[in-house]
Protein chains: 2
Amino acid sequence: MNPKFFLLPEEKQRRILNAGYRVFSQSPYRKSPVSEIAEYAGISKALLFHYFKNKKELYLYLWDTCAKTTVREMEQSGAYEQKDLFGSMDSGMQAKLRLMRQYPDMGSFAVRAFYEKDPEVSLDIQSSMNQYLAVHARRKLQEINPDDFIPGIDLEMMYQEMYWASEGCLWEYIKRGDYDADGMEKDFRKLVDFWKKVYLRKPGEDGSHDKENV
Amino acid sequence: MNPKFFLLPEEKQRRILNAGYRVFSQSPYRKSPVSEIAEYAGISKALLFHYFKNKKELYLYLWDTCAKTTVREMEQSGAYEQKDLFGSMDSGMQAKLRLMRQYPDMGSFAVRAFYEKDPEVSLDIQSSMNQYLAVHARRKLQEINPDDFIPGIDLEMMYQEMYWASEGCLWEYIKRGDYDADGMEKDFRKLVDFWKKVYLRKPGEDGSHDKENV
DNA sequence: GATTTGATTGACCGAAGCGGTTAACGGAGG
DNA sequence: CCTCCGTTAACCGCTTCGGTCAATCAAATC
């Protein structure tokens, strides 16, 4: 690709990225025309082909940038270091929302690209994905303290359930093309509050040792 | 449309429906070629145009059939009459799974069609949808008995949360193109069991009047 | 003011794909 | 042998595709 792309004003770069995410997230690779991307970005198709030598290079650049941006944002959020489970979920969601505010269609693009079947790009996607997965640390449910939660609860299931609910909540917006990050945040906050009330052990309940009961 | 379509063996009709759901669920209306549908269905494009006079008619027929089939299946499931909240959720999910076994892509098709923007079909979709919504009864959370659940819980939020979690669980399969209805059912069952343990009031807890404590 | 330079684009190319039609095929029934 | 009818390959005119290129234009340089 043409290195002059990086000399463009940041806002113009982002406009091009977002146009690409948008178009590629709505149709499979083969049915996503470059001309449509150029139109969304507000530039001519010829200029887009001036920065990227062909459609495939543009697509793979989008994929790579999307992965890198996500990893960076997640690491900066501190979601991985946090001890508190709810705090870590909150940090993760904050990062997700920050991404969505800058790149509304990046998430949908990532899902679609990950499951893309077109032989022209699928191999490159998969191999670069494996690379990222190798670096990316696995989740770490084992570090939480079971005594914090109501007795007898299946923690694995609880975590799974919380994950599904937050995904379902987000999808509610995404599937109708609504990018209201503030609305999502509000809904998510309500979810977390609800979880805390339901899952966390109430002080003074039949724990083996309740030292704090002021 | 050609009434001879209905004289076709049922399995062939279903193959055509499924081919249509599949293709139209993966790209927007305009980018979903009829030829591809014919290929999936295992017939020639000419024959498809023999049954449906054009692409639009085929699309709207799919939409209409999808709506009718869903409504029928939901009504038969008894999900609307059930008093027990979990029982009603279970019936609903059973119906959903039965549909998915027969028409794997119908759900994705319905979502995509509902949000379709193409002026050639969007008006017809919207107006027929309003028709269905007028008939379809609204949810009825008010009928459940708050005393069955742990005290102080926000029932509205609980219902919302359960809905999101089940949607998120399903989406986990759908987004990766996996139609394993058995797997979905197993996951969903585990969800319901988890909910029952967490949300239902344990006998002997501090209710205002615990008459049953044998 | 003339000239160079580099970003940007309208117009274009051959190829492919689109929705839709038609003439012909082929097998079953009379 | 002919007739019917479900079925299709081949075709049509048109649009759209990925990609190219010569021309445009404004700013920098002389």
Side-chain angles (χ1 to χ4, degrees), chain A residues 1-17 19-20 22-63 113 116-122 124, chain B residues 1-17 19-20 22-63 113 116-122 124:
Chain A
M1 67 180 291
N2 191 333
K4 285 180 182 168
F5 173 77
F6 301 109
L7 302 179
L8 258 45
E10 218 169 303
E11 190 253 336
K12 195 167 183 178
Q13 284 188 44
R14 225 188 41 231
R15 246 178 33 226
I16 294 176
L17 289 182
R22 166 148 203 157
V23 172
F24 280 127
S25 72
Q26 279 166 353
S27 309
Y29 172 76
R30 203 180 315 232
K31 293 182 182 162
S32 302
V34 177
S35 57
E36 206 173 306
I37 299 178
E39 197 181 328
Y40 271 116
I43 61 176
S44 71
K45 184 178 65 163
L47 185 56
L48 205 45
F49 274 111
H50 174 65
Y51 291 127
F52 302 91
K53 82 168 198 277
N54 54 32
K55 183 178 173 180
K56 178 176 177 179
E57 186 181 273
L58 167 59
Y59 186 77
L60 292 180
Y61 171 73
L62 286 174
W63 168 254
E116 176 65 60
K117 296 287 199 308
D118 198 300
E120 194 173 337
V121 293
S122 62
D124 302 78
Chain B
M1 67 180 292
N2 192 333
K4 284 181 184 172
F5 174 76
F6 302 109
L7 302 179
L8 258 44
E10 217 168 304
E11 190 254 333
K12 194 167 183 178
Q13 285 188 45
R14 226 189 39 231
R15 245 177 34 225
I16 294 176
L17 290 182
R22 167 148 204 158
V23 172
F24 280 126
S25 72
Q26 280 166 351
S27 309
Y29 172 75
R30 201 179 327 205
K31 292 182 183 164
S32 301
V34 176
S35 57
E36 205 173 304
I37 299 177
E39 196 181 328
Y40 271 116
I43 62 176
S44 72
K45 184 178 64 162
L47 185 57
L48 206 45
F49 275 111
H50 174 65
Y51 291 127
F52 302 91
K53 82 169 197 276
N54 53 33
K55 183 178 173 178
K56 177 176 177 179
E57 186 181 272
L58 167 59
Y59 186 77
L60 291 180
Y61 171 74
L62 286 173
W63 168 255
E116 176 64 59
K117 297 287 200 308
D118 197 300
E120 193 174 338
V121 292
S122 62
D124 302 77

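Partners of B:Ser122 by side chain to side chain contact (heavy atoms under 4.5 Å, CB included), not counting sequence neighbours: none found. Checked against side chain to side chain contact (heavy atoms under 4.5 Å, CB included), B:Ala41 has the following partners two or more places apart in sequence or in another chain: B:Ile16, B:Ala19, B:Ile43. Residues satisfying the ring-ring contact (aromatic ring centres under 6.0 Å, His included) criterion with A:Phe52, sequence neighbours excluded, are A:Phe5, A:Tyr61.
Applying the salt bridge (charged side-chain N to carboxylate O under 4.0 Å, His left out) test to every pair with at least one member in residues 4-13 of chain B, sequence neighbours left out, gives these pairs: B:Glu11-B:Arg15. Residue pairs meeting the side-chain hydrogen bond (donor to acceptor under 3.5 Å, both in side chains) criterion with at least one member in residues 24-34 of chain A, sequence neighbours excluded: A:Tyr29-A:Glu120, A:Arg30-A:Asp118, A:Lys31-B:Glu36.
To the nearest 0.5 Å, the span separating NZ on A:Lys55 from OH on A:Tyr59 amounts to 9.5 Å. Atom NZ of B:Lys53 and atom CE of B:Met1 lie 11.0 Å apart (nearest 0.5 Å). Atoms CG and OH, on B:Leu58 and B:Tyr51 in that order, are 13.0 Å from each other to the nearest 0.5 Å. Here the CG atom belonging to B:Leu48 is positioned 11.0 Å from the NE2 atom belonging to B:His50, to the nearest 0.5 angstrom.
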Inset, instruction - Using a 4.0 Å heavy-atom cut-off, write out nucleotides 3-8 of chain D from 5' to 3' as B (base contacted by protein), S (sugar-phosphate only) or - (no contact). - result: ---SSB
Under 3.5 Å, which N/O atoms of the protein pair with N/O atoms of nucleotides 27-29 of chain D?
none

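Of all heavy-atom pairs between A:Ala113 and A:Trp63, the closest is CB-CE3, 3.5 Å.
In this structure, A:Leu58 atom CG and D:dC17 atom P are separated by 15 Å, rounded to whole Å. Look at CG on A:Asn54: it is 5 Å from P on D:dG19, rounded to the nearest Å.
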Legend entry - B:Glu57 vs B:Asn54, side chain to side chain contact (heavy atoms under 4.5 Å, CB included): CA-CA, chis, key distance, verdict: CA-CA 6 Å; B:Glu57 186 181 272; B:Asn54 53 33; 3.4 Å; yes
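Nucleotides of DNA chain C lying under 4.0 Å from heavy atoms of chain B occupy a range whose first and last members, 5' to 3', are C:dC18 to C:dT22.
Within 6.0 Å of CD in B:Gln13 there are more than 12 heavy atoms belonging to other residues, nucleotides or ligands.
Residues from residues 27-40 of chain A lying near DNA chain C, meaning a heavy-atom separation below 4.0 Å, are absent.
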